[in-house]
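Written below as structure tokens is the structure these notes are about.
Numbering starts at 1 and runs along the sequence shown.
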Amino acid sequence: MKFTSRHTAAVVGVTLVAAALTGCTETAAGGGGETAAAEGCDPADVTLVGQVRNESNPYEASWLDGGDAFAEQVGLTQERLTYDGDSTRQQEQISQLLAGDTDCLVMNILPNGDSDTPPIVEGAEAAGAYLVTQWNKPADLNVTDYDYWLSHLTYNGVESGKQIGDALSEAIGGSGGIVALQGILDTGAAKDRFAGLEESLAANPDVELLDDQTANFSRAEALEVTKTLLTKHGDDIKGIWAANDDMALGALEALQQAGRDDVAVVGIDAVPDALTAIEDGTMTATVSSDGPWQGGIGLAIGYCVATGELAAEDIADEDRAWYAEQFLIEQDNVADFVSPETDEADFACDNLFSRSQGAMS
């Protein structure tokens, strides 16, 4: 098992990168020959960019922290961009990047929603900028149709949504009413995770979904939505299913304000506050998608191609759009994720896809 916490990412999360990617540097700079490496960028000329919605979300902040750690290991800095969940702002930021020097530009991008991915991809392709996207893309948009869109990775949201749904069902004794806090509805993550909850409900017929509302992956919105749901459904609520930890933590705050300590809460992302809540028993479960690793791996893929250590055409089709490994965390194993050990080989150019759980269908 390989996983990373925000606290370890900057220290050990990519410690092998400097050594593993020295070969990238030497090959690209000294190259001769007819390999792609001979035509690669000088590592010093590579520009690394990570873009997420905001840093108030601990998971997304940890993503950028992981990108910083990777950049530091290869002697560079990462440009950290946030767009506050505003699709127009995201597109404007990327357009500005692509209007500059794009010869050695590497972008690791979280599209705000599925519909935001096509213009990002088309822009990068036209500009010759190396692009890795995560989480959101339309199902009919194929990475293999592009040259500079190197890879898209996500997580099996149906699986994670069902995992926490089953954990919630067990926590409430297999019966009773629950409410669901959905994420941004125009995202694959939100759609798939809720589909996973529906699978869990089908497998646990005595658990009733009383209500579901979107809180847009936001802790502040989840606080207000949960207050409304508590007023509407009262003591009938035995559990709260949240599509991410930030919303789960907002729900916990609402429960605390209402004096309710009899409601089980689950989420996804394994952010530090959620792990603490699981440790102390106020939260039931979460799923780790390892934000720091995501922040590093997207840049590492682009960096290895940009510097010539990895030829884009040598990336297997199944690694162009793939599911990454994730982990269910409950009280009995939370300690393993609060202070994890990290596989230092994750970001080596010949080991970038070691966490793949298979191609996206």
Test: [X] and [Y] ion pair at under 4.0 Å:
| X | Y | result |
| --- | --- | --- |
| Arg355 | Asp290 | yes |
| Asp273 | Arg219 | yes |
| Arg80 | Asp65 | yes |
| Arg53 | Asp84 | no |

Within a strict 4.5 Å, meaning less than it, do heavy atoms of the [X] and [Y] side chains meet?
| X | Y | result |
| --- | --- | --- |
| Thr117 | Pro138 | yes |
| Ile109 | Gln90 | yes |
| Gln78 | Leu64 | yes |
| Phe217 | Thr187 | yes |

Under the 3.5 angstrom rule, does the side chain of [X] hit a backbone N or O of [Y] as a donor-acceptor pair?
| X | Y | result |
| --- | --- | --- |
| Asn244 | Met247 | yes |
| Thr228 | Glu224 | yes |
| Ser62 | Tyr59 | yes |
| Arg320 | Ser151 | no |
| Asn142 | Asp145 | no |
| Arg260 | Gly234 | yes |

### Message
Using the side-chain contact (heavy atoms from CB on, under 4.5 Å) definition, which of the options Ile240, Asp261, Asp262 pairs with Leu255?
### Response
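When side-chain contact (heavy atoms from CB on, under 4.5 Å) is applied between Leu255 and each of Ile240, Asp261, Asp262, only Ile240 qualifies.
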
### Message
For Asp346 and Asn351: C-alpha separation, side-chain torsions, deciding distance, then whether side-chain hydrogen bond (donor to acceptor under 3.5 Å, both in side chains) applies.
### Response
CA-CA 6 Å; Asp346 278 341; Asn351 198 38; 4.6 Å; no

### Query
Are Leu181 and Val287 grouped together when hydrophobic residues (ILVMFWY) are joined by side-chain heavy atoms under 4.5 angstrom apart?
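No; tracing contacts between hydrophobic side chains, which count when under 4.5 Å, never links both residues.
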
### Hydrophobic cluster membership, Val179 vs Ile172, 4.5 Å side-chain cutoff
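In one cluster: no.
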
#### Entry: Trace of the side chain to side chain contact (heavy atoms under 4.5 Å, CB included) decision for Leu209 with Ile178
CA-CA 5 Å; Leu209 180 62; Ile178 67 170; 4.1 Å; yes

### Query
According to the interplanar angle, ranging from 0 to 90°, do the rings of Phe70 and Phe347 count as parallel (below 30°), tilted (30 to 60°) or perpendicular (above 60°)?
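It falls in the tilted class, 30° to 60°.
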
How would you list, by chain and number, every residue that makes a side-chain hydrogen bond (donor to acceptor under 3.5 Å, both in side chains) with [X], sequence neighbours excluded?
| X | result |
| --- | --- |
| Gln93 | Gln51 |
| Ser115 | Asp186 |
| Ser56 | Asn54 |

#### Entry: Pairs touching residues 92-165 that satisfy disulfide bond (SG atoms under 2.5 Å apart), sequence neighbours left out
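Checked against disulfide bond (SG atoms under 2.5 Å apart) - neighbours excluded - the pairs reaching residues 92-165 are Cys41-Cys104.
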
### Task
Look at atom CD of Gln256 and say whether more than 12 heavy atoms of other residues, nucleotides or ligands are closer to it than 6.0 Å.
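No, because the 6.0 Å sphere around CD of Gln256 holds 12 heavy atoms or fewer from other groups.
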
### Query
What's the spacing between Glu125 CD and Leu98 CG if we round to 0.5 Å?
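Glu125 atom CD to Leu98 atom CG measures 11.5 Å (nearest 0.5 Å).
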
### Message
To the closest 0.5 Å, what do you measure between CD1 (Ile301) and CD1 (Ile315)?
### Response
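Reported value, rounded in 0.5 Å steps: 6.5 Å.
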
### Query
Hey, mind stepping through Asn108 and Gln134 against side-chain hydrogen bond (donor to acceptor under 3.5 Å, both in side chains) and telling me if it holds?
CA-CA 8 Å; Asn108 183 29; Gln134 302 195 36; 2.9 Å; yes

### Message
For residues 119-148, which residue pairs pass the ring-ring contact (aromatic ring centres under 6.0 Å, His included) check, not counting sequence neighbours?
### Response
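Every pair satisfying ring-ring contact (aromatic ring centres under 6.0 Å, His included) with a residue in residues 119-148: Tyr130-Tyr148, Trp135-Tyr155, Tyr146-Trp149.
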
### Message
List the residues meeting salt bridge (Lys or Arg N to Asp or Glu O under 4.0 Å) with Asp101, not counting sequence neighbours, and say none if there are none.
### Response
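Here no residue qualifies.
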
### Message
Checking Leu153 against Tyr323 for the side chain to side chain contact (heavy atoms under 4.5 Å, CB included) test, could you report, in this order, the C-alpha distance in whole Å, the side-chain angles of both residues, the deciding distance, and whether it holds?
### Response
CA-CA 6 Å; Leu153 68 98; Tyr323 289 117; over 6 Å; no

